[in-house]
Number of protein chains: 2
Amino acid sequence: LVISSRGRCHCMDAGVKFIPPKQIEKIEVYSPSQSCPHMEIIATLKENGEQKCLNPESKFAKNFIKNAQKQKRSLG
Amino acid sequence: LVISSRGRCHCMDAGVKFIPPKQIEKIEVYSPSQSCPHMEIIATLKENGEQKCLNPESKFAKNFIKNAQKQKRSLG
């Protein structure tokens, strides 16, 4: 777990660049704020509820919503 | 508030198509699941903690992470 329970930012490092979309239950995107100067993205995994930081600079993060929408069909 | 406290999906309707990024504290993106067949995006507002559903089909939602990153500079 790379998420600190207290402190300024949630993520301790830049985070991973990719998580298979099917594994993701939800993501939380925190805007830069006074307590943390950069955006943070935290993904919660379906299987075990594990939380992972996702690098906001990654292409995957930038297109996450688009990526996740493509997935919809597979649930059809 | 358009968020139901119980039930299958969080959002009662398609949601708004735009929220000024500066007003957003965080967004939560829920993947389609067995309890709700479509993606849902819930934005929490800085000012009052109000939660609003954001339309996942909107251009704004699709580019939210990119949009929010552009903002970073303004906090410089």
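On a predicted model such as this, the values are computed, not experimentally measured, just so you know. Atom set for the values below is all heavy atoms of this structure, side chains included, hydrogens, waters and symmetry mates excluded. Throughout, a chain's letter reflects where its sequence line sits, starting with A, and its residues are numbered from 1.
- Options B:Thr44, B:Ile65, B:Asn63, B:Ile41 differ in how many heavy-atom pairs under 4.5 Å they form with chain A, and the most are formed by B:Ile65.
- Using a 4.5 Å heavy-atom cutoff, the side chains of B:Ile27 and A:Glu28 are not in contact.
- Distance check, rounded to the nearest 0.5 Å: NE2 of A:His10 to NZ of B:Lys26 gives 7.5 Å.
- Looking at B:Glu25, the atoms closer than 4.5 Å to chain A (heavy atoms on both sides) all sit in the backbone: N, CA, C or O.
- Atom CE of B:Met39 is separated from atom CZ of A:Phe64 by 5.5 Å, given to the nearest 0.5 angstrom.
- Within the 3.5 Å criterion, the main-chain N or O of A:Ile24 finds a donor-acceptor partner in the side chain of B:Ser31.
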